[in-house]
Structures are given as structure tokens and as C-alpha cells.
Amino acid sequence: MDDTRAQAQAIADFAATLQELRRSVGNPPFREMSGRSGAISHTTLHEATKGNRLPSWGTTAEFVKACGADPAEYRDRWERANRVVGSARAGRPPAVAGTPAARPPGGVAPAASTAERRAMHIAIDPQPPREDEPPASEPPPPPPDEPADGGRAAAPAPGKRFRPTRRAAVVLATAAVGAGAAVLIVVAVNRDSAPGGDGLKAGGRSKPALSPADCPVLATNPAPAPPTHKGDVALFIADISLPDCTRVGTGQTVTKVWRLKNAGKVPWKGYSLRRLDVPQQADQCQTISDVPIDDTQPGKMVDIRTEITTPRKPGLCYVRFKMVDASGKVAFPGSRPVNFQIIIEGR
């Protein structure tokens, strides 16, 4: 079966699954289902059953809840269909559990603070170390009228110096650019690659037993490594929605949007953000495992969206993703994961 037919079949099969669920509860009108949901329109619910395209996970979750069923029971079926659709779009075979394309992966270099986001460059091509390199300096705090960025800083917390790991020489340099802006430069030395050397622990949970008091969670640096594709560079631009420590109610579906820039020389075709803390836990926010990234040419920016279904219990959701290429290989093993961290409040 060719990619186009496989994609159409996966979409049709999933639409039939939703149709059967609705029939099993007496075919309630879509307007009535929309009223039960309170979060999605009747036209979107209707479209989900037509088989023209695969509905988003957020739409699917609301559809299932409106039928009185548990969205968790339908996640695996949606994930399988989504893998087929995503693989057909990228022109590659679907990922199979246990293969390299299905393993948890790698990501993108994020910004250090609100001020540093305004102008930040991440250089991850190998550079020769210098014995006379001065100690790493610390970036200035954000201006009083700007909130802190919420823990994505590449630099250490105030009062602590960054210590290069293994054979890496990492230099953090900041300089004023205009009013209150800063440039952050990260230079990493190449290291020998090894199997699984992406700075990740496959299948590990993000952080056990986190509470709202831990927000913002400070990111840690993986072992330095060059990008998988020479000349590939990803630049974090902004959180378009749900900045760190945003408060969201329990049992809601919301949309997270990151903005990244392809700042290198390698086109992003079939790239995606892959979730690290799998299998997903019931007390964590639910998302799709592979968030597609629109094909992005060098020099262009892209908004990456994923829908989040919050858990039924209050707490902190801290979820990490790494960027992978079309083959499922970690694109930036030496960069920190992209993440979202939101505080879940009881309603």
C-alpha cells in the first residue's frame, strides 16, 4: 500500500472508530455533544467523523468525553493513526516500537532569559578548545520591568558557575545589545559519538514528584555534542502561548505554541518534537508523542503546536520534547529539550 492510500485508510479507520463510539451512546446530536464538552464547536466534532483528515488529539479527547468515555482508552488508536499520517507526509515508513525511529530523542536549544531571547545565537559546530579560555561569566539579570524567563536559562543560577562537562569547553558570553538586550553565545567542542549519546535516558520521566512550588524548573545541560546534520541550528524564539508557570484548570484541553527558527543551513523536512517521558503517566498532562513541525527552510521561523489535556488532579506538569529528523534520529543531542511547565489548579 502506498503512502497516500495508507494515510487515507488510517484516517477513515479512525473516523469509523469515532462514529461507532457515538452510535454506542445513541447518536447524540453534535450540538448536544458540543454543549457537554464546553470546549469545542459542533462543526469540529462533526468534521472529526467525516474521514477527510485526522482530528487533533484535543478534538478527539473532547469527542470521547462528550460520549461519556475515557480519552485514555482511545489514545493508542489515535497515536497509531497519527504516525501513519505523519510518516506519509514525510515520505518515510511509520515508526515501529523498538526501532530507532520510535526511540525517545533529542531537541532544540532554548533561550536563557527574556532579555536574552531578543538576540541569541547557538553555535554547535565543533570548535577547538583554548587553554587560555577565561572562566564562564554570568549573564546579567533581566531588567526590573521584565519577568524572569522561567528556568530555560543556558547559564547557571546566580552565584554558581557553569562547569564544563567531560571534554567540553563551554563559554557563555553576554553583551549588551541596544536597551536591555543580550546576546548569548554557546560554543561546544566536539566529542566522540557513542550509541545513545544524545544526552537522554530513554523512557525516563521528566521529574518525579514535582509540585507547583518547583516552577519554574531549571533545565540541565546534556553532554555537549554536535548536531546530527552538519550546519543544522535551531533557535528558540518565544513561547507564543502558555509561558512557564501558567495556571490551567484540571481536565481542560489547551494549546501550547513554541516559536523556533531554523538558523542553520539544513532544511527541516519531516522534523518533529518527540516527547521524552513515555509512557505518559495518568497524573501528567497528556499530549501526542510526536508533535509535527511544518517543513522549514533555513532562515525561516516556524510555530509548533500541540494540544495538552490536563490531568484531573492539581499539580505541576513538566513535559520535555527533543527534536528529531525525518528518520527519527535526534537532531540536536547536545541541546536541552524544549519543554512546557504549567501549574494545574482545581476548579
Side-chain angles (χ1 to χ4, degrees), residues 37-41 44 55-62 65 71 75 82 107-118 120 142 146-154 205-207 210-219 234-261 272-278 280-294 301-323 335-347:
S37 165
I40 200 163
S41 71
T44 301
S56 68
W57 170 246
T59 295
T60 300
E62 291 300 323
K65 287 190 288 186
R75 174 169 284 280
N82 187 52
V108 135
S113 71
T114 302
E116 288 161 347
R117 279 184 193 170
R118 297 178 185 172
M120 184 175 85
E146 292 186 355
D149 178 41
R152 283 205 177 83
R205 294 191 62 184
S206 299
K207 280 257 187 178
L210 289 173
S211 73
D214 296 309
C215 198
V217 179
L218 298 179
L235 181 65
F236 179 85
I237 300 299
D239 288 309
I240 302 303
S241 68
L242 300 178
D244 291 348
C245 308
T246 295
R247 295 177 182 272
V248 181
T250 57
Q252 293 190 11
T253 299
V254 293
T255 302
K256 172 66 184 182
V257 184
W258 300 276
R259 180 167 293 167
L260 304 180
K261 181 177 181 179
S272 61
L273 293 181
R274 188 167 293 167
R275 183 163 172 162
L276 302 185
D277 55 334
V278 291
Q280 298 182 36
Q281 307 297 316
D283 61 349
Q284 267 290 315
C285 287
Q286 304 295 302
T287 68
I288 59 175
S289 298
D290 236 324
V291 181
I293 299 175
D294 291 339
M301 289 189 289
V302 60
D303 286 356
I304 307 169
R305 292 174 168 80
T306 187
E307 290 182 307
I308 303 166
T309 300
T310 61
R312 298 292 179 180
K313 294 176 61 177
L316 173 65
C317 280
Y318 174 50
V319 180
R320 305 172 306 153
F321 300 80
K322 292 280 273 181
M323 187 182 285
S335 297
R336 292 180 303 282
V338 170
N339 72 74
F340 67 78
Q341 35 190 311
I342 57 178
I343 296 172
I344 311 304
E345 294 185 317
R347 290 191 285 181

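Every value quoted in this text rests on a predicted model; they were computed, and no experiment measured them.
With Glu62 contributing its side chain and Thr60 its backbone, the two residues share no donor-acceptor pair below 3.5 Å. Using modelled atom types, one side-chain atom of Lys256 and one backbone atom of Ser241 make a donor-acceptor pair closer than 3.5 Å. Between the Thr310 side chain and the Gly249 main chain, a donor and an acceptor come within less than 3.5 Å of each other. Formation of a donor-acceptor pair under 3.5 Å by the Arg75 side chain with backbone atoms of Thr287 is found in this model.
Relative ring orientation between Trp258 and Phe340 is described as tilted, the plane-to-plane angle lying within the 30° to 60° band.
For the pair Pro71/Thr309, no side-chain contact is recorded, criterion being any heavy-atom separation below 4.5 Å from C-beta on. Counting heavy atoms from C-beta on, the side chains of Trp57 and Thr306 never come closer than 4.5 Å. By the 4.5 Å heavy-atom criterion applied to side chains, Pro314 and Glu345 are not counted as neighbours. Considering only heavy atoms from C-beta on, Asp294 stays 4.5 Å or farther from Asp303 through its side chain. Contact of the Lys65 side chain with the Ile40 side chain is not registered, since no non-hydrogen atoms from C-beta on lie closer than 4.5 Å.
Residues Val278 and Ser289 share a closest heavy-atom pair of CG1-OG, 4.3 Å. The two residues Asp277 and Tyr318 come nearest to each other via the heavy atoms OD2-O, 4.4 Å. Across Arg312 and Gly251, no two heavy atoms sit closer than the pair NH1-CA, 3.7 Å. For the residue pair Thr59 and Pro55, the shortest heavy atom distance occurs at CG2-CB, 4.0 Å. Between Ile288 and Arg275, the shortest heavy-atom distance links the atoms O-CB, 4.4 Å. Cys215 and Asp244 make their closest contact through SG-C, 4.5 Å (heavy atoms, listed as atom of the first residue, atom of the second, distance).
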Practice problem: Determine, step by step, whether Arg320 and Val217 satisfy the side chain to side chain contact (heavy atoms under 4.5 Å, CB included) criterion, reporting the C-alpha distance in whole Å, the side-chain angles of both residues, the deciding distance to 0.1 Å, and the verdict. | Solution: CA-CA 11 Å; Arg320 305 172 306 153; Val217 179; over 6 Å; no

Quiz item: What's the verdict on side chain to side chain contact (heavy atoms under 4.5 Å, CB included) for Val319 and Ile342, showing C-alpha distance, side-chain angles and the deciding distance?
Solution: CA-CA 9 Å; Val319 180; Ile342 57 178; over 6 Å; no

Practice problem: Show your working on side chain to side chain contact (heavy atoms under 4.5 Å, CB included) between Ser211 and Leu316 and close with a plain yes or no. | Solution: CA-CA 5 Å; Ser211 73; Leu316 173 65; 5.7 Å; no

Exercise. Report the C-alpha distance between Leu242 and Val248 in whole Å, list the side-chain angles of each, state the deciding distance to 0.1 Å, and finish with yes or no for side chain to side chain contact (heavy atoms under 4.5 Å, CB included).
Key: CA-CA 9 Å; Leu242 300 178; Val248 181; 4.2 Å; yes

